[in-house]
Visitor: 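Take this structure, written in structure tokens, and hold onto it; I'll ask about it next.
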Amino acid sequence: MSDNRGQFSSKIGFLMAATGSAVGLGNIWGFPTQAASNGGGAFLLAYLVLAFLLAYPALMSELVIGRHARANIVTALDELGQTRSTKRLGRAVGYYGVLVAGLILSFYAIVAGWMLSEFGQSVSQLIGWHTAETWLSSDSLLRHLLMCALFIVLTVAIIARGVEAGIESWSTRLMPLLIVILAGLIVYVLTQPGAIEGLKNYLIPDFTQLTRPSLLLSALGQAFFSLSLGVGTMLIYGSYLRKDDSLPRMGAGVTLLDTGIAFTAGLLILPAMYVAQAQGIAIYGDNGELLAGPGLIFQVLPSLFATMGNVGVWLSIAFFALMSIAALTSSISMLEAPVSVVTERTALKRVGAAWLMGGIIFTVSTIIVLNMERLFDRVVSLTTEYSQPLLGIALCLFVGWIMKRNQLLNELRAGHRDIEHSLFWKIWPFYVRFICPVLILLAFTQSLR
Ligand code: PFF
């Protein structure tokens with residue numbers, strides 16, 4: 001493939017972009033609340049084991065395929081096939097993957113629009129811009145659609161600039177900012193009354209929960225969603241990685257950073273909920289379970305910030321900036337998956353492809369917003385619970401059964417010369433061939449019961 005298709009300029013550039021894709025609303029919102037309602041430290045343990053045992057090997061499959069082919073998911077899987085039918089299968093899996101990436105982005109952008117609204121609302125409050133504040137807090141259809149559109153425009157604007165000037169340069173600016181804001185918020189919240197109770201709830205393990213299959217499933221689903229697997233985003237980022245970078249190390253770095261940030265986010269969210277409780281705000285729903293859904297982010301936390309006066313406004317700005325940044329670095333990777341297919345398989349250039357795909361995705365978001373009750377949850381579960389694990393299995397099978405062993409070894413050897421003698425090479429090829437697909441399938445079929 002041609003070299004002008006773009007490439008990350010450094011290891012850090014790749015790490016920031018891939019970690020940016022992985023660290024999103026799933027880490028800061030999904031992980032802490034799931035942990036709190038599924039046995040605290042026990043969930044954390046299950047999550048860590050599954051992330052390294054199943055999600056990391058699957059991530060490696062995507063990175064290896066991507067860098068080997070130096071192409072988008074459709075072309076890459078097509079080229080791996082040696083017969084007409086495996087090629088056709090490859091293209092089908094690839095198209096399905098980018099379709100899922102687009103669908104995830106269409107609901108993700110709606111939620112990200114809500115984050116931008118909250119951010120804008122707090123900024124307007126700070127500068128005394130009351131008309132904007134009222135509009136941003138209204139529940140109007142127009143507000144939902146415009147803020148979703150704004151978020152998609154930001155995503156498109158970054159993707160239109162390309163790999164180095166867009167994805168890499170924005171990820172390397174936004175990710176450190178995200179970490180600084182997260183750390184600052186944690187330090188502040190932990191000094192507030194009630195915080196320690198939240199820490200206990202988050203960290204003290206209830207091991208009896210480990211015997212529940214649903215706990216393992218939630219942990220697996222969370223790990224796959226969090227590492228952005230199955231939909232071609234990691235594959236395309238792998239294809240922009242330089243040949244002299246070690247894939248196993250890069251993959252391990254991304255997995256470590258992603259799980260590390262998910263864990264750290266729990267140190268903010270759970271204590272904040274209990275600080276809110278200490279202020280008299282309800283944090284348990286009618287069913288007696290800890291609030292986890294939109295009620296947590298859009299009611300509990302804003303009510304907490306409202307009790308804190310001026311400091312609360314700043315906290316709210318910081319918190320919703322954190323959420324918006326996390327969403328943006330993930331959404332650019334989701335958009336890059338279909339955009340790379342279009343630019344590499346048709347005559348359309350990057351800028352046109354980015355706006356075209358952004359437009360299509362916004363149309364789908366609009367349909368979802370107009371049918372929120374009926375569609376939102378369905379699209380979420382169809383894409384993240386069903387499609388991502390199945391696509392993950394398919395990609396492991398491509399690496400395990402269709403890619404030749406010497407292709408695999410050559411790809412891994414580039415950037416990691418002594419790979420043949422490493423533990424990774426002794427275990428991983430066998431692992432993605434047999435164990436990973438079977439385990440993912442097992443967990444998946446359990447979820448259908
Ligand atoms: N990893 C993101 C999160 O944890 O929020 C979500 C995500 C990003 C899923 C990119 C899929 C994807 F392609």
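Here, residue 1 is the first one in the sequence, and each next residue gets the next number. Whatever order the structure lists them in is the order used to number ligands and atoms, beginning at 1.
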Visitor: Hey, is E79 close enough to K87 for a salt bridge, meaning N to O under 4.0 Å?
Guide: no

Visitor: Hey, are the side chains of I167 and F8 touching, using non-hydrogen atoms and a 4.5 Å cut-off?
Guide: yes

Visitor: Are the side chains of T329 and M175 in contact, using a 4.5 Å heavy-atom criterion?
Guide: yes

Visitor: Purely on distance, is any nitrogen or oxygen of Y108 under 3.5 Å from one on ligand 1?
Guide: yes

Visitor: Number the atoms of ligand 1 from 1 as they appear, then name those within less than 4.0 Å of a heavy atom of S333, with their elements.
Guide: 10 (C)

Visitor: Please answer whether the main-chain N or O of R161 pairs with a side-chain N or O of R350 as donor and acceptor at a distance below 3.5 Å.
Guide: no

Visitor: Determine whether more than 12 heavy atoms belonging to other residues, nucleotides or ligands lie under 6.0 Å from atom CH2 of W170.
Guide: no

Visitor: Spell out, as yes or no, whether a donor-acceptor pair under 3.5 Å connects the side chain of S330 to the backbone of S21.
Guide: yes

Visitor: Using modelled atom types and a 3.5 Å cut-off, is there a donor and acceptor pairing between side-chain atoms of T75 and backbone atoms of N72?
Guide: no

Visitor: Could an N or O of ligand 1 be found under 3.5 Å from any N or O of L25, whether backbone or side chain?
Guide: yes

Visitor: Look at atom 4 (O) of ligand 1 and say which protein heavy atom is nearest, naming residue and atom and giving the distance to 0.1 Å.
Guide: A22 O, 3.1 Å

Visitor: Please identify which atoms of ligand 1 are closer than 4.0 Å to at least one heavy atom of G26.
Guide: 3 (C), 4 (O), 5 (O)

Visitor: List ligand 1 atoms under 4.0 Å from M334, heavy atoms only on the residue side.
Guide: 7 (C), 8 (C), 10 (C), 12 (C), 13 (F)

Visitor: Would you say N371's side chain and I367's backbone share a donor-acceptor pair under 3.5 angstrom?
Guide: yes

Visitor: Would you mind listing which atoms of ligand 1 come within a distance below 4.0 Å of any non-hydrogen atom of V231?
Guide: 13 (F)

Visitor: Less than 4.0 angstrom from a charged side-chain N to a carboxylate O is my criterion; do E373 and R378 meet it?
Guide: no

Visitor: Quick check on A101 - does any of its heavy atoms sit under 4.0 Å from an atom of ligand 1?
Guide: no

Visitor: Where is the nearest protein heavy atom to atom 11 (C) of ligand 1: which residue, which atom, and how far?
Guide: S228 CA, 3.7 Å

Visitor: Specify side chain, backbone, both or neither for A326, according to which of its non-hydrogen atoms lie closer than 4.0 Å to ligand 1.
Guide: neither

Visitor: Looking at ligand 1, does any of its N/O atoms fall within less than 3.5 Å of an N/O of F225?
Guide: yes

Visitor: Enumerate the atoms of ligand 1 whose separation from the nearest heavy atom of N27 is less than 4.0 angstrom.
Guide: 4 (O)

Visitor: Using a 4.0 Å cutoff against the non-hydrogen atoms of T233, which atoms of ligand 1 qualify?
Guide: 13 (F)

